[in-house]
Amino acid sequence: PLLEDILKPTYGVIIYQEQVMQIAQKLSGFTAGQADLLRRAMGKKKRAELEKQKQGFIEGAIKNGIAKDVATGIFLKIEPFAEYGFNKSHAAAYAVIAYQTAFLKTYYPNEFFVASMSMEISNQKKLSEFYEELKRLNISVIRPDINESFADFSSDGSKFYYALGAIKNVGFEAISNIVKERMRNGKFKDLIDFINRVNPKNINKLQLEGLVQAGAFDNINRNRNSLIKSIPNIITKSKNIHENKLNNQIDLFDDSGNEQTSFIENIDDWIIETKLAKEFETLGFYISDHPLNQYKSMFMQYNIIDYEKFENNSDIISSNIACTVLKVQEKKTQKGNSYAIVKFSDLSNVFELFIFSEIFELNRDNLVEGNSLMITLIKNYLDDSKVQKRINVKKIISLKELTNKQINKITFKFNDIKDLKKIEKLSIREGKTDVKIFVNKNGKNHVFYLKNKRKINNEVLNSLNLIENIVID
């Protein structure tokens with residue numbers, strides 16, 4: 001009852017620092033000065049001073065006829081609040097800002113994220129969180145593109161353009177100059193056009209590496225590995241062209257027909273795993289593809305489901321989840337044992353899991369940013385209503401290891417006899433897989449068994465692109 005007048009305006013909840021001071025004055029007889037000392041001790045987390053204030057608070061309350069356990073309980077409630085509570089004027093201002101932010105995000109999401117991400121353009125951790133939110137809201141994101149994107153984040157109302165200036169090692173002023181050239185004279189037709197028009201002062205090794213690894217040149221030249229290896233040649237070519245322009249000279253030995261290929265290394269592109277790892281290194285997240293897409297053929301074989309389905313379905317107590325490690329926070333227990341809080345990403349969600357010491361130490365080498373894993377989860381409910389639950393990690397396996405493991409038995413299902421050509425090159429050497437083939441012709445099923453075992457693992461299946469045609473026994 002003594003607190004009713006103090007807490008009535010905020011419906012019984014302590015909101016403002018002034019309320020903490022008023023409670024101390026009314027319950028314990030503190031003066032305004034003493035109440036302010038209590039507020040400051042709580043805010044600054046001075047343990048010795050806080051214990052002194054706590055003792056005074058309880059003793060004062062007892063003198064006012066309040067039971068010791070009640071006084072102690074009230075103090076324990078206001079103590080954690082004071083560590084993050086604000087005075088009334090600050091709280092009101094924050095409430096207005098929170099409302100305005102929520103309004104803008106709801107009704108002007110593109111503009112909201114342009115402003116928010118531009119403010120954090122050099123903070124990849126925050127940009128990663130914003131990007132996940134963009135995906136959740138189904139906002140179409142145009143990934144970094146030298147011919148579409150701008151130095152800063154931008155939107156045309158329907159599409160959201162990722163900022164070139166947010167790429168690691170890409171200087172904002174330099175990329176701004178490159179964008180200005182594109183705006184003045186049109187899109188870059190090809191790499192030689194880019195080199196001819198861009199001032200060499202605006203391109204250096206690190207800047208070009210960042211742009212290539214983020215996929216900014218994919219619409220000009222999709223072979224990122226080739227471009228990376230050609231960067232020294234590109235820089236030299238750019239400087240030569242610029243110097244010739246300054247001296248009004250023409251390169252008499254320049255074969256314009258071969259310009260595009262003469263200085264570009266003719267090598268194979270990175271495999272998808274390397275490409276995405278470089279992309280992650282440059283942007284802090286995956287934007288062109290997800291590493292798990294290359295392991296989809298394994299999902300049925302190992303009964304892999306999405307984390308969201310596992311978490312929300314009360315009938316599923318244990319399951320395998322395929323995920324990629326985004327971030328590992330290693331911590332220590334009071335006994336000095338290591339444990340971790342790990343942020344994962346699957347094909348539909350981002351989630352965090354607590355990894356206990358024993359599992360963490362066994363799998364330290366696998367729990368590295370960028371690694372794709374299969375984790376076995378166990379769900380324990382803490383009450384009969386199945387509302388409160390704890391999810392524990394029981395097992396961690398590298399998906400790469402599973403990819404190389406040969407399959408015991410497999411069945412291919414085709415609707416046309418001509419489709420058999422898709423599997424004619426399966427290797428017999430060191431084969432351990434029994435192969436069964438169903439062919440549906442004119443409504444009749446024809447069954448074949450290959451005499452010799454074939455060498456089939458999930459890497460082979462991914463290369464065949466036959467996920468819909470296989471049944472793994």
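Hydrogens, waters and symmetry mates are skipped; everything else that's a heavy atom, side chains included, is used.
To the nearest 0.5 Å, atoms CD1 (Ile456) and CG (Asn408) are separated by 11.5 Å.
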* Report the C-alpha distance between Lys405 and Glu401 in whole Å, list the side-chain angles of each, state the deciding distance to 0.1 Å, and finish with yes or no for salt bridge (Lys or Arg N to Asp or Glu O under 4.0 Å). => CA-CA 7 Å; Lys405 183 180 178 183; Glu401 289 179 21; over 6 Å; no

* Given ring pair (Phe, Tyr, Trp, His ring centres under 6.0 Å), test Phe86 with Tyr16 step by step and report yes or no. => CA-CA 6 Å; Phe86 300 103; Tyr16 314 121; over 10 Å; no

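Proximity of a side-chain donor or acceptor of Glu279 to a complementary backbone N or O of Ile287 within less than 3.5 Å is detected. Looking at Asp416, its side chain does come within 3.5 Å of a backbone N or O of Lys418 through a donor-acceptor pair. Under a 3.5 Å cut-off, the side chain of Ser226 and the backbone N or O of Glu265 do form a donor-acceptor pair. Side chain of Asn371 to backbone of Asn366: a donor-acceptor contact under 3.5 angstrom is found. Listed for the Lys245 side chain is a donor-acceptor partner under 3.5 Å among the backbone atoms of Asn196. When atom types are taken as modelled, the side chain of Ser118 and the backbone of Val114 share a donor-acceptor pair closer than 3.5 angstrom. Judged by distance alone, the side chain of Lys275 and the main-chain N or O of Asp269 form no donor-acceptor pair under 3.5 Å. With hydrogens and angles disregarded, no donor-acceptor distance shorter than 3.5 Å links the side chain of Gln207 to the backbone of Ile203.
Electrostatic pairing of Glu181 and Arg197 counts as a salt bridge here, judged by a charged N lying under 4.0 Å from a carboxylate O. Of the charged side-chain nitrogens involved, none lies within less than 4.0 Å of a carboxylate oxygen, so that Glu148 and Lys159 do not count as a salt-bridged pair.
Partner Ile235 forms a side-chain contact (heavy atoms from CB on, under 4.5 Å) with one of Ile195, Asn240, Leu208 and no other, that one being Leu208.
Cation-pi contact between Arg182 and Phe194: absent, since separation from the ring centre below 6.0 Å together with deviation from the ring axis within 45° is not met.
Side-chain rings of Tyr307 and Phe344 stay apart, their centers remaining 6.0 Å or farther from each other. Ring-centre distance between Phe414 and Phe438: not below the 6.0 Å cut-off. Between Phe354 and Tyr339, the distance from one ring center to the other falls under 6.0 angstrom.
Side chains of Met298 and Thr403 form a contact here, defined as non-hydrogen atoms less than 4.5 Å apart. Using a 4.5 Å cut-off on side-chain heavy atoms (C-beta onward), Val350 and Tyr131 make no contact.
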